2 protein chains.
Amino acid sequence: MRPTVNDIAREAGVSLATVDRVLNDRPGVRAKTAEAVQEAIRRIGYVRDVAAANLARQRDYRLAFVLPDTDSQFIRTLLGALTDAGHLSAALRTDVVLRRFPAEDPHALAGILAALPEAGVVGVALMAPETPVVRDAIRSLRQKGLAIVALVSDLPNTERDHFVGIDNRAAGRTAAVLTGRFLRAGPARVMVLSDSMLLRESIERRLGFDEVMQARFPGIEVLPSLETHGQGALLHDFVGQTLARYPDIGGIYSLGSGQRALTTCLDSLGRTGQLVVIGHELTPHARTALESGAMDAVITQNVGHVVRSALRVLRAKTDRGPIDLSQEQIRIEIVIRENLPASLPPGPGTGRPEACGEI
Amino acid sequence: MRPTVNDIAREAGVSLATVDRVLNDRPGVRAKTAEAVQEAIRRIGYVRDVAAANLARQRDYRLAFVLPDTDSQFIRTLLGALTDAGHLSAALRTDVVLRRFPAEDPHALAGILAALPEAGVVGVALMAPETPVVRDAIRSLRQKGLAIVALVSDLPNTERDHFVGIDNRAAGRTAAVLTGRFLRAGPARVMVLSDSMLLRESIERRLGFDEVMQARFPGIEVLPSLETHGQGALLHDFVGQTLARYPDIGGIYSLGSGQRALTTCLDSLGRTGQLVVIGHELTPHARTALESGAMDAVITQNVGHVVRSALRVLRAKTDRGPIDLSQEQIRIEIVIRENLPASLPPGPGTGRPEACGEI
DNA sequence: GGCTCTTTGATTGACGTACGTCATTCCTGC
DNA sequence: GCAGGAATGACGTACGTCAATCAAAGAGCC
């Protein structure tokens with residue numbers, strides 16, 4: 001039998017009320033008594049029944065996901081994972097709200113953030129670039145007691161509680177090793193494409209990429225990054241010209257998550273399969289590119305895991321409970337055709353959503 | 001406000017008792033009435049509060065992990081993940097018991113399995129080779145209503161509910177692609193080492209490996225598997241002789257999880273870093289081998305994820321609830337030095353070990 | 001001793017669900 | 001129209017915790 005608060009009370013020789021005060025950090029208990037209670041808790045191995053506690057407390061976790069309104073494949077994948085997780089969360093008294101902000105408007109974002117406490121939100125998962133306005137908004141939210149996690153893109157100089165995502169510099173290093181080793185011997189050039197070099201992720205990935213390239217593959221010359229800003233035509237022209245100019249280009253590293261333009265471009269140039277192509281994020285398009293051989297490897301993070309981890313961490317933080325770091329660590333995954341995870345139908349849909357209690 | 005059973009009752013125009021009967025599949029409700037209740041549930045969007053339900057039901061999930069008593073690094077890692085998960089599980093009214101069986105004694109295993117229902121176990125995670133005795137034991141457990149998942153090593157011809165682990169054939173294919181691509185151009189030979197080719201995993205990995213090698217790297221000759229049976233001396237002699245005989249050996253694929261003997265052997269032969277070395281399972285030793293460059297890549301599954309997934313699935317199965325396949329899918333991870341996940345201290349630590357049963 | 005002020009005890013009613021008992025109502029076949 | 005069984009209702013208790021109340025006991029001070 002699991003020990004309960006009653007057992008603590010008996011064991012410590014105090015009343016239930018006192019145990020409750022100790023358990024919930026309420027005032028009105030002498031230090032000595034509190035210690036005796038703690039000791040009893042330790043002795044009998046009491047573990048608070050969170051379920052019962054939440055039931056009694058009538059607690060509902062109202063959590064917000066704040067994402068840019070960009071319509072990229074990656075964001076779409078993230079949203080998919082979010083809706084899936086939403087179904088499960090219902091069983092955990094968690095209520096997820098979604099907020100989108102204009103990608104280039106930090107002030108709009110700050111406004112949205114500021115409005116969250118009014119809406120009863122107790123935790124926020126935020127994917128946004130770090131700007132002074134955002135820093136201030138986060139500080140203000142923290143002061144109001146909200147938990148904040150940075151999602152995918154870290155906000156290291158803010159007071160966020162936690163970061164859910166990967167080390168992009170290490171991701172860049174990983175990409176470099178794969179590029180270097182997949183290229184057959186001999187000197188070569190590698191092109192680097194990016195949506196925008198203003199994003200912290202892109203910069204970090206490029207940094208890690210160069211780091212490894214210089215150290216381990218001195219024979220490979222890495223060209224400057226091209227910023228495509230999502231413009232397929234620009235990319236097409238640039239890639240065509242560069243390939244024509246440097247016949248010894250052996251690989252392309254795509255820093256961002258938009259692989260579609262690149263693969264169609266290579267296709268139209270008739271170069272599919274001839275170059276080592278490595279990119280980021282396992283979007284549906286990247287998946288087909290891997291299957292067809294148009295891409296050689298994708299460096300990715302498990303979006304479902306990212307979302308669930310953010311939810312777990314936010315719940316834990318609002319409860320001031322512990323988090324299991326080993327579970328919350330997001331891995332830098334290398335995906336090639338051979339270890340492509342099976343693609344699954346989108347979410348539980350009709351199934352009885354209850355009974356899937358998992359953190 | 002979240003709708004409750006009372007709301008269903010009101011909405012459907014029936015009593016609480018009837019709602020309860022419908023919700024819990026109890027007899028005594030006309031099909032028509034049941035349908036009306038279901039309809040009401042759908043209409044008001046009722047989600048059962050599993051926490052409250054489990055509280056009321058006094059349900060405790062008593063789950064058993066049944067593992068061979070082998071003292072390999074992999075098993076040790078698995079046990080570590082299990083203790084970690086045990087601490088968390090205490091909060092989910094889950095009580096994990098551990099049973100070890102003599103690795104080569106299927107009858108002892110059957111005995112242990114048969115004794116589980118007596119011990120109040122309602123779900124079993126089993127890692128064992130498939131033998132007729134085991135098949136029978138599993139069938140008998142299923143008939144008694146226990147949920148069974150196969151762990152790491154599948155039991156496809158049994159009545160297990162679920163398999164938690166990776167597709168080893170795909171893992172072998174992945175290893176082959178990495179080996180082939182990491183080897184610089186030109187013909188070469190590859191050695192294959194294995195603890196025992198009797199294990200289903202080894203066979204499947206080898207199959208996948210050969211598949212890809214033949215199709216995509218015809219210039220590479222793969223030598224027959226050597227079974228080392230955990231004997232370092234045997235391995236040492238064989239590797240030494242083979243390397244001497246075939247100077248064009250470019251890589252070694254180690255099918256099993258024991259990498260220590262291999263790397264020390266290569267070290268003593270002065271060949272560390274000269275060959276492409278690829279193995280399985282991210283044990284502490286594999287980790288240092290990656291860091292030092294003694295190994296080039298490790299194909300692995302996230303053991304923490306495996307354990308947590310097994311627990312989730314077992315809980316869901318005993319509740320006859322749905323499982324979120326996308327969350328339960330175990331990925332075939334490729335780990336190289338650059339994307340090595342940070343190693344973390346072993347678990348929450350402070351908790352009392354009694355909280356996790358016999359672990 | 002009389003006065004606050006703090007600490008502790010005792011008790012109670014939720015929270016949403018399960019599950020049992022017992023009584024009542026509804027069908028169905030004759 | 002009636003018996004007999006099936007279907008449904010009404011109700012109570014329990015689960016472990018929270019939160020609030022009120023009373024009692026103790027400590028510190030003049």
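The chains referred to below are lettered A, B, ... by the order of the sequence lines, with proteins before strands, and numbering in each begins at 1. Because the structure is predicted, anything quoted here is derived from the model rather than measured.
Proximity note for A:T18 (side chain, C-beta onward) versus C:dC15, D:dA7, C:dT8: the nearest is C:dT8. The side chain of A:A53 sits closest to D:dT17 out of D:dA19, D:dT17, D:dG9. Proximity note for B:R48 (side chain, C-beta onward) versus D:dG16, C:dA18, C:dT11: the nearest is C:dA18. Of the candidates D:dG16, D:dA14, D:dA19, the closest approach to any side-chain atom of A:R26 belongs to D:dA19.
One atom, CG of A:D20, and another, P of D:dA20, lie 10 Å apart when rounded to the nearest Å. Atom CG of A:L55 is separated from atom P of C:dG13 by 17 Å (rounded to the nearest Å). Rounded to whole angstrom, the span from the CG atom of A:L23 across to the C1' atom of C:dT8 amounts to 16 Å. Per the geometry, CZ belonging to B:R21 stands 13 Å off P belonging to C:dT21, to the nearest Å. The CG atom of B:N54 sits 20 Å away from the P atom of D:dA14 (whole-angstrom rounding). Rounded to an integer number of Å, the gap from A:D49 CG to D:dC18 P is 9 Å.
Ion pairing of B:D7 with B:R2 is absent here, as no side-chain N (NZ or NE/NH1/NH2) approaches a carboxylate O to less than 4.0 Å. Here A:D154 pairs with A:R160 in a salt bridge; the nearest charged N to carboxylate O distance falls below 4.0 Å.
Within the model, atoms CG of B:L63 and CG of B:D95 stand 8.0 Å from one another, a figure rounded to the nearest 0.5 Å.
Of all the residues in residues 3-16 of chain B, B:T4, B:V5 reach under 4.0 Å from DNA chain C with at least one non-hydrogen atom.
Listed by chain and number, the residues in a side chain to side chain donor-acceptor pair (under 3.5 Å) with A:S153 are A:E201 (sequence neighbours excluded).
There is a side-chain donor-acceptor pair under 3.5 Å between A:R48 and A:N24.
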With a cut-off of 3.5 Å and sequence neighbours excluded, list every side-chain donor-acceptor pair involving residues 34-43 of chain B.
from: B:E39; atom 1: OE1; to: B:R42; atom 2: NH1; distance (Å): 3.1
from: B:E39; atom 1: OE2; to: B:R43; atom 2: NH1; distance (Å): 3.3
from: B:R43; atom 1: NE; to: B:E11; atom 2: OE2; distance (Å): 2.9
from: B:R43; atom 1: NH2; to: B:E11; atom 2: OE2; distance (Å): 3.2

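For A:R30 and B:P27, each mapped to the nucleotide of DNA chain D holding its nearest heavy atom, the one lying further toward the 5' end belongs to B:P27.
For C:dG16, the base has no donor-acceptor partner in the side chain of B:R57 [N/O atoms by modelled type, under 3.5 angstrom].
Using a 4.5 Å cut-off on side-chain heavy atoms (C-beta onward), B:E159 and B:I148 make no contact.
The residue A:N24 sits close only to the backbone: its heavy atoms come under 4.0 Å of sugar-phosphate atoms, none of a base.
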